[in-house]
2 protein chains.
Amino acid sequence: MREFSRSLPMSLLRAREAVMRQFRPSLRSHGLTEQQWRILRALSSVDEIEVTELAHVAFLLGPSLSRILRDLEARQLIERRTAANDLRRAVVSISAKGLKLIEAVAPTSEAIYAAITKRYGARRLAELQEMLGTLEASLFEMASPEDAELESDE
Amino acid sequence: MREFSRSLPMSLLRAREAVMRQFRPSLRSHGLTEQQWRILRALSSVDEIEVTELAHVAFLLGPSLSRILRDLEARQLIERRTAANDLRRAVVSISAKGLKLIEAVAPTSEAIYAAITKRYGARRLAELQEMLGTLEASLFEMASPEDAELESDE
DNA sequence: GGGAGATAATTAACATGTTAAGTGAATGTC
DNA sequence: GACATTCACTTAACATGTTAATTATCTCCC
């Protein structure tokens, strides 16, 4: 069997951790986790957005998003209202306080990203991202693998 | 500011999730999480290993590893003893039952990996992994970013 | 050889990942 | 127009991620 430390999942995990390790201290100093930052970033680029779509954009599962929104709302970094035409749906937007926080974090964040780009190479970075996108698209078409071992159980 | 959905951390996160989504159903059908599988895989390639080194190899933080080892030991998938020359250290090894479980999971796991490789292309996959390794190495040298915003606080 | 500091592992506390179950509202069907 | 179904979101339950604090042991230096 393959040396698992050289497997694709491990390569991706280590690479991502190496990247996030650069950003976490800055986010932490502003009282934000990585996921909270993702949500604020996503909200800052739209006027308002429904919870389900936000989950898709920020790449978070519903339950995680529910908890984080509850926290961000309590900290008054976001605002939430119910959609008029469909009472099931909630619509979220970033608050003035939230925007201010983003403006405070963004410079450091941008500087770190620039440092990474410079060190790794802008061209190489673009190429890497393209390959990652292609990988994602390839696997999306593989769909959910109907695991043969489950057939008799469910 | 950059469209965050096109940021490097998000690209890596989505790619990894796309990969793991292929493996999780199979692991789950055998009662294993991704992390438990990583530990068993790591243990299967050595005779025995100290906990700290296992954490490094399986890329898990100490506290996570502690909890998982407790569980795996209770399920008798691994064995643990104390190092004779240093009572602080624990030495872990896989049990016969653990090996048997690996043998049960491996075929499906290998088949999935082969399918991914075929679909994405073996050459491209190797290239991707090399680029990920280079990225990791680049960032390792950036070391821990002494966040200027923290200097006055700590 | 005894005490200060370093080290290995665990525990604690809180945030998120993951799947299943629950709640309330909309939709289609008869 | 009741009712089963679907849908959006939340809550529940358990596993892991993350940092800090604890505990036990070891090492070094005097």
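Map Asp86(A) and Val51(B) each onto its nearest nucleotide of DNA chain C; the residue landing nearer the 5' end is Val51(B). Of the two residues contacting DNA chain D, namely Arg28(A) and Glu53(A), the nearest-nucleotide position lying further toward the 5' end is that of Glu53(A).
Using a cutoff of 4.0 Å between basic side-chain nitrogens and carboxylate oxygens, Glu17(A) and Arg24(A) are scored as salt-bridged. A salt bridge is absent between Asp71(B) and Arg67(B): the closest approach of a Lys/Arg side-chain nitrogen to an acidic carboxylate oxygen does not fall below 4.0 angstrom.
For Glu136(A), the side-chain contact (heavy atoms from CB on, under 4.5 Å) partners are Arg14(B), Ala18(B), not counting sequence neighbours.
Counting heavy atoms of neighbouring residues, nucleotides and ligands inside a 6.0 Å radius, atom CD of Glu53(A) does not exceed 12 of them.
Rounded to whole angstrom, the span from the CZ atom of Arg70(B) across to the P atom of dT10(C) amounts to 9 Å. In this structure, CE of Met20(A) is placed 11 Å from P of dT19(D), rounded to the nearest angstrom. In this structure, the CZ atom of Arg89(A) is 9 Å from the C1' atom of dA26(C), given to the nearest Å. Atom CG of Leu54(B) is separated from atom C1' of dA8(C) by 14 Å (rounded to the nearest Å). We find that CG of Asn85(A) is positioned 12 Å from P of dA8(D), with the value rounded to whole Å. Look at CG on Leu69(B): it is 11 Å from P on dT11(C), rounded to the nearest Å.
On a pure distance criterion of 3.5 Å, no polar donor-acceptor pair joins the side chain of Arg88(B) and the base of dC26(D).
Between Arg80(A) and dT10(D) there is a side-chain N or O to OP1 or OP2 distance below 4.0 Å.
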Which pairs, protein N/O on one side and nucleotides 14-18 of chain D N/O on the other, fall under 3.5 Å?
residue: dT16(D); atom: OP1; partner: Thr33(B); partner atom: OG1; Å: 3.0
residue: dT16(D); atom: O3'; partner: Gln35(B); partner atom: NE2; Å: 3.0
residue: dG17(D); atom: OP2; partner: Ser64(B); partner atom: OG; Å: 2.7
residue: dG17(D); atom: N7; partner: Arg67(B); partner atom: NH2; Å: 2.8
residue: dG17(D); atom: O6; partner: Arg67(B); partner atom: NH1; Å: 3.0
residue: dT18(D); atom: OP1; partner: Arg24(A); partner atom: NH1; Å: 3.0

Donor-acceptor contacts under 3.5 Å from residues 122-133 of chain B side chains, at least two apart:
residue: Gln129(B); atom: OE1; partner: Ser11(A); partner atom: OG; Å: 2.7

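A distance of 11.5 Å separates CD1 in Ile94(A) from CG in Asp47(A), rounded to the nearest 0.5 Å.
No side-chain heavy atom of Trp37(A) sits less than 4.5 Å from a side-chain heavy atom of Leu101(A).
Considering only the side chain of Leu87(B), dC26(D) comes nearest among dT19(D), dC26(D), dA25(C).
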